[in-house]
Colleague: 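My questions will all concern the structure given below.
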There are 2 protein chains.
Amino acid sequence: MEVEILKKKKLRVTPFRKEVLDVFLKNEHAISIQDIEDALVEFDRITLYRTIKSFTNKGVIHEIVMPGDVKKLALCDGVCDHDSGLHEHNHIHFQCRLCSEVYCVEVDELPKIEVPGFTIEEQEIQAKGICAKCS
Amino acid sequence: MEVEILKKKKLRVTPFRKEVLDVFLKNEHAISIQDIEDALVEFDRITLYRTIKSFTNKGVIHEIVMPGDVKKLALCDGVCDHDSGLHEHNHIHFQCRLCSEVYCVEVDELPKIEVPGFTIEEQEIQAKGICAKCS
DNA sequence: AATACAAATGCAACAATATTGCATCTATGG
DNA sequence: CCATAGATGCAATATTGTTGCATTTGTATT
């Protein structure tokens, strides 16, 4: 599983990368760098940061920053494959007011915003409320 | 101007706070903490951080984090008045791909997203494209 | 299977960003 | 004008992220 994901994105397969990827695969919600550190038994912090950067650049994961919260990371759907900026997501980022977890939620269609004078090329939606589990 | 804003939000009026508020009033786009530091002649960095925190808590300003960019700050419309989380904005956050500036753009109506199982209470939209000036 | 080489790792040092404690000062309501 | 809660300034420290460099490892190629 981890191997296929890495190979598909042309990333070299190493034990450490598989471990990091495992942490993402074991969580259905977005995780913080601290969460990853807690899940790993022994690791080098610098290598972790570089791994995260590689994963982000190749579209394996993407960053999510909810207002007032630490940066979180989540697996991409498989369509992301560029080096910076917003990714082509068909999902919104949702944070639950009760459990504080951040989820990437699939939506059929994102509404198109129109703003006079501005050309909108990409957009992302961040929402807060109550998640399915806490309802 | 600065005094009214501060008093309305029940914040004590000090020379430093007026200076910081001035920096916001002089920019029509969101600014980084670095931008504020550059605009001030002599200041205490810790006091600046605390001022920003007070302003944010009282809804004078709000944080904007665009993917891959540093945190930026912008004045609130006047409707924000709570201590954390998303604010009740009627605008979207827009970053220009060319000049990199971040703008809060007023929109008549934000589209409502529906997600089965999730109760969405607040939402924020982040967009990228070309701004009015760079068009 | 051996090899060559680009890429990843691990360590040290450091840079940027943000917070806490505490003593002092000041804006504001009475 | 005074009392005092809140703001400031300084020192120390925490958190988060980066860079350089020597060494190791994964992968494609022979």
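First the proteins, then the strands, lettered A, B, ... as listed; each starts at 1.
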Colleague: Could you give me the CA-CA distance, side-chain angles and deciding distance for Leu11(A) and Phe55(A), then say whether side-chain contact (heavy atoms from CB on, under 4.5 Å) is met?
Modeller: CA-CA 8 Å; Leu11(A) 282 163; Phe55(A) 283 10; 3.9 Å; yes

Colleague: Please give, in whole Å, the distance from dT26(C) P to Lys18(B) NZ?
Modeller: 15 Å

Colleague: Mapping Thr14(A) and Ile33(B) onto DNA chain C by nearest heavy atom, which one lands closer to the 5' end?
Modeller: Thr14(A)

Colleague: Roughly how many Å is it from CG in Asn57(B) to P in dG6(D), rounded to a whole number?
Modeller: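 Rounding to the nearest Å, CG of Asn57(B) and P of dG6(D) are 14 Å apart.
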
Colleague: Calculate the interatomic distance between Lys9(A) atom NZ and dA7(C) atom P; express it in whole Å.
Modeller: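 Going from NZ in Lys9(A) over to P in dA7(C) covers 19 Å.
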
Colleague: Do Met66(A) and Ile64(A) come within less than 4.5 Å of each other through their side chains, counting heavy atoms only?
Modeller: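 Yes, close enough: below the 4.5 Å cut-off.
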
Colleague: With a non-hydrogen cut-off below 4.0 angstrom, is Val70(B) in contact with a base, only sugar-phosphate, or nothing?
Modeller: nothing

Colleague: Which residues within residues 41-54 of chain A lie with some heavy atom under 4.0 Å of an atom in DNA chain D?
Modeller: Arg45(A), Ile46(A), Tyr49(A), Arg50(A), Lys53(A)

Colleague: Tell me: CZ of Phe16(B) to C1' of dG6(D), nearest whole Å?
Modeller: 15 Å

Colleague: Calculate the interatomic distance between Glu37(B) atom CD and dT17(C) atom P; express it in whole Å.
Modeller: 8 Å

Colleague: Looking only at side-chain N and O atoms, does Lys10(A) come under 4.0 Å of OP1 or OP2 in dT27(D)?
Modeller: no

Colleague: Testing Glu28(B), His29(B), Glu101(B) for side-chain hydrogen bond (donor to acceptor under 3.5 Å, both in side chains) with Lys133(B), which one passes?
Modeller: Glu28(B)

Colleague: Go through the N and O atoms of the side chain of Arg12(B) and the base of dA5(D), and report whether any donor-acceptor pair is under 3.5 Å.
Modeller: yes

Colleague: Rounded to the Å, how far apart are Lys71(B) NZ and dG17(D) C1'?
Modeller: 15 Å

Colleague: Can you measure Leu6(A) atom CG to dT25(D) atom P for me and round it to whole angstrom units?
Modeller: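 In whole Å, dT25(D) P and Leu6(A) CG are 18 Å from each other.
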
Colleague: In terms of side-chain heavy atoms of Pro15(B), which of dT25(D), dA27(C), dG17(D) is nearest?
Modeller: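 Closest of the options to the side chain of Pro15(B): dA27(C).
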
Colleague: How many Å lie between CG on Leu11(A) and C1' on dT25(D), as a whole number?
Modeller: 15 Å

Colleague: Please check the phosphate of dA27(C) (OP1 and OP2 only) for any side-chain N or O of Lys7(B) closer than 4.0 Å.
Modeller: no

Colleague: Is Glu63(B) salt-bridged to Lys71(B), going by a charged N under 4.0 Å from an acidic O?
Modeller: yes

Colleague: What closest approach, in Å, do Cys131(B) and Cys96(B) show between heavy atoms, and which atom pair accounts for it?
Modeller: N-SG, 3.4 Å

Colleague: Do Phe94(B) and Phe118(A) have ring centroids that are under 6.0 Å from one another?
Modeller: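 That pair passes the under 6.0 Å test.
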
Colleague: Relative to the ring of His93(B), is the ring of His62(B) parallel (under 30°), tilted (30 to 60°) or perpendicular (over 60°)?
Modeller: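 Plane angle under 30°, so parallel.
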
